[in-house]
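Indexing begins at 1, ligand by ligand and atom by atom, following the structure's order. We use all heavy atoms of the structure for the numbers below, so side chains are in, but hydrogens, waters and symmetry mates are not.
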Amino acid sequence: MSDDAIKDITIIGAGPTGLFAAFYAGLRGVSCRIVDALPQLGGQLMALYPEKYIFDVGGLPKILAKDLAKNMIEQGTQFGPEVVLEAEVQQLIPEDGHIRLVTRKGEFLTRTVIITAGKGALNPRVLECPGWSEHHNETGGAHTHVRQPEDFRGKRVLIVGGGDSAVDWVLGLRGIAKEVTVIHRRDEFRAHRSSVLEMRQAAEKGEVSIKTPYETRGIHGDNGCISRVTIFNNDTSEEEDLQVDAVVALLGFKPDLGPIGQWGLALERNTIKVSQLMETNISGVYAAGDVVHYPGKLELIATGYGEAAVAVNNAVHHINPKARVSPGHSTNLKQFKQDEGEE
Ligand SMILES: Cc1cc2nc3c(=O)[nH]c(=O)nc-3n(C[C@H](O)[C@H](O)[C@H](O)COP(=O)(O)OP(=O)(O)OC[C@H]3O[C@@H](n4cnc5c(N)ncnc54)[C@H](O)[C@@H]3O)c2cc1C
């Protein structure tokens with residue numbers, strides 16, 4: 001691996017704290033890489049509650065989580081950080097003069113690390129029924145994400161779940177998939193009220209099919225492809241078979257600090273202990289956002305922003321002790337084509 005590949009700062013976790021840290025790294029003029037286990041940027045905002053309104057971010061009286069994520073991505077990637085997705089960081093190994101990060105997508109060298117891993121890698125919940133694991137592979141037809149709607153064109157799709165993602169994809173695959181059926185173990189859906197209404201109207205028009213209160217009992221296939229799913233009615237205890245080509249389980253995420261717990265970091269109650277400078281006990285490794293603990297810590301987006309700025313400015317000073325910790329005011333910075341000399 002060449003020296004060019006060594007970034008000044010690598011950020012582990014692309015939630016609001018990590019994205020703000022990426023912005024700040026650019027503001028300080030250092031090279032930056034952002035790595036996340038998920039296939040998209042945005043952390044909990046996109047993975048857990050994209051359709052919910054947030055009211056407590058300064059300057060934004062009311063904003064949908066997905067819109068805040070969009071703004072944060074625009075701000076956080078404006079200086080061109082390297083973005084690596086679907087790459088859970090498995091190991092963090094301090095070496096001579098740099099740190100090595102090991103992921104399934106390869107190894108990355110960096111001078112400093114900022115861990116903004118929230119509650120840990122948000123691993124999608126899967127169906128606990130026979131047949132899931134055999135078909136949950138590249139070609140098998142059992143999925144935990146919809147990457148591209150076109151992957152489902154002309155197919156009979158069963159969506160399992162009752163939250164925003166499930167309802168959004170019932171609507172999103174309508175007209176693309178040959179048939180869309182959703183099952184949920186309760187009669188009430190937890191998704192945004194207007195989306196549930198739209199889905200019920202689509203069902204009345206025969207565009208989609210809604211079956212509640214149902215759970216999956218087994219996924220069956222021929223030659224590695226799904227052909228049929230057995231579902232179970234929680235009220236009547238009766239089973240029935242649905243002829244489908246694909247199953248998409250959209251059941252939320254299991255937070256898990258996972259590999260981070262094995263990196264030799266000082267931890268307290270599943271969070272990383274940090275100093276007031278957001279330093280961990282490992283030299284050159286900082287942490288910020290939901291993943292950290294200190295007396296008085298609040299797990300809020302607003303807190304994560306401040307912590308990200310502290311972490312990045314101290315990481316910059318760690319890399320180059322001559323660099324000031326204080327960044328100055330963005331209103332005066334040349335990166336934004338402002339006059340640096342004036343206050
Ligand atoms: C339903 C709900 C509503 C909320 N409403 C509000 C609100 O109104 N206001 C508010 O301020 N806060 C709210 N929060 C909390 C807020 O979302 C969190 O405080 C915020 O998302 C924390 O940001 P973060 O960047 O620290 O972590 P996260 O958003 O959790 O992002 C962490 C990222 O790190 C990645 N990651 C973890 N481990 C690894 C690894 N080993 N390798 C690679 N990637 C990894 C994860 O995949 C994830 O994308 C809400 C939370 C929920 C669940």
Inset, instruction - Over all heavy atoms of both residues, which pair between Gly18 and Thr116 is shortest? Give the atoms and the distance, please. - result: CA-OG1, 3.3 Å
Legend entry - Closest protein heavy atom to atom 19 (O) of ligand 1, given as residue, atom name and distance to 0.1 Å: Asp290 OD1, 2.8 Å
Legend entry - Residue Glu88 vicinity, atoms of ligand 1 by number, heavy atom under 4.0 Å: 40 (C), 41 (N), 42 (N), 43 (C)
Legend entry - Option with minimal heavy-atom separation from atom 41 (N) of ligand 1, where the choices are Val89, Val35, Leu38, Asp164: Val89
Legend entry - Nearest-0.5 Å distance that lies between atom NE2 in His145 and atom CG in Leu250: 8.5 Å
Legend entry - Matching residue for Ile12 among Ile114, Val291, Leu101 - test: side chain to side chain contact (heavy atoms under 4.5 Å, CB included): Leu101
Legend entry - Option passing side chain to side chain contact (heavy atoms under 4.5 Å, CB included) with Ile231 (candidates Arg217, Glu215, Lys211): Lys211
Legend entry - Minimum-distance protein heavy atom relative to atom 7 (C) of ligand 1: Asp56 OD1, 3.6 Å
Inset, instruction - Answer with yes or no whether the side chains of Asp290 and Gln44 bring together a donor and an acceptor at under 3.5 Å. - result: yes
Inset, instruction - Report the nearest protein non-hydrogen atom to atom 27 (O) of ligand 1: residue, atom name, distance rounded to 0.1 Å. - result: Gly118 CA, 3.2 Å
Inset, instruction - Would you please classify the geometry between the Phe23 ring and the Phe336 ring as parallel, tilted or perpendicular, with 30° and 60° separating the classes? - result: tilted
Inset, instruction - State plainly whether the residues Arg33 and Glu82 are in salt-bridge range, i.e. N to O under 4.0 Å. - result: yes
Legend entry - Enumerated ligand 1 atoms positioned under 4.0 Å from heavy atoms of Glu299: 19 (O)
Legend entry - Parallel, tilted or perpendicular: rings of Phe152 and His143 (30°, 60°): perpendicular
Inset, instruction - Enumerate the atoms of ligand 1 whose separation from the nearest heavy atom of Ile12 is less than 4.0 angstrom. - result: 40 (C), 42 (N), 43 (C)
Inset, instruction - Please identify which atoms of ligand 1 are closer than 4.0 Å to at least one heavy atom of Ala87. - result: 43 (C)
Legend entry - Heavy atom of Gly258, distance to ligand 1 below 4.0 Å: no
Inset, instruction - Mark up the atoms of ligand 1 that fall under 4.0 Å of a heavy atom belonging to Leu48, in ascending order. - result: 53 (C)
Inset, instruction - Report the nearest protein non-hydrogen atom to atom 38 (N) of ligand 1: residue, atom name, distance rounded to 0.1 Å. - result: Ala121 N, 3.1 Å
Inset, instruction - Could you list which atoms of ligand 1 come closer than 4.0 Å to a heavy atom of Thr17? - result: 23 (O), 24 (P), 25 (O), 26 (O)
Inset, instruction - Report yes or no: do Leu64 and Leu48 belong to one cluster of Ile/Leu/Val/Met/Phe/Trp/Tyr joined by side chain heavy-atom distances under 4.5 Å? - result: no
Legend entry - Check: Trp263 N/O within less than 3.5 Å of ligand 1 N/O: no
Legend entry - Which atom of Leu85 lies closest to which atom of Lys105, heavy atoms considered: O-NZ, 2.8 Å
Inset, instruction - Would you mind listing which atoms of ligand 1 come within a distance below 4.0 Å of any non-hydrogen atom of Leu300? - result: 10 (C), 11 (O), 19 (O)
Legend entry - Glu198/Arg174 salt bridge by N-O under 4.0 Å criterion: yes
Inset, instruction - May I ask whether Gly304 has any heavy atom positioned less than 4.0 angstrom from an atom of ligand 1? - result: no
Legend entry - Per-atom contacts, ligand 1 versus Ile301 - under 4.0 Å to a heavy atom: 10 (C), 11 (O), 12 (N), 16 (C), 19 (O)
Inset, instruction - Before signing off on this row, confirm whether Gln44 and ligand 1 have an N or O atom pair separated by under 3.5 Å. - result: yes
Inset, instruction - Would you check if there is a donor-acceptor pair between the side chains of His329 and Thr331 at a distance under 3.5 Å? - result: no
Legend entry - Val325 reachable from Tyr286 in the ILVMFWY side-chain graph, under 4.5 Å edges: no
Legend entry - atom 34 (O) of ligand 1 [closest protein heavy-atom partner, distance rounded to 0.1 Å]: Gly13 CA, 3.1 Å
Legend entry - Nearest-neighbour protein heavy atom for atom 14 (N) of ligand 1, which is reported as residue plus atom name and distance: Tyr49 OH, 3.2 Å
Inset, instruction - Quick one: look up the protein heavy atom nearest atom 48 (C) of ligand 1 and list residue, atom name and how far away it is. - result: Asp36 OD2, 3.4 Å
Inset, instruction - Distance to 0.1 Å, residue and atom name: give those for the protein heavy atom nearest to atom 44 (N) of ligand 1. - result: Ala37 N, 3.1 Å
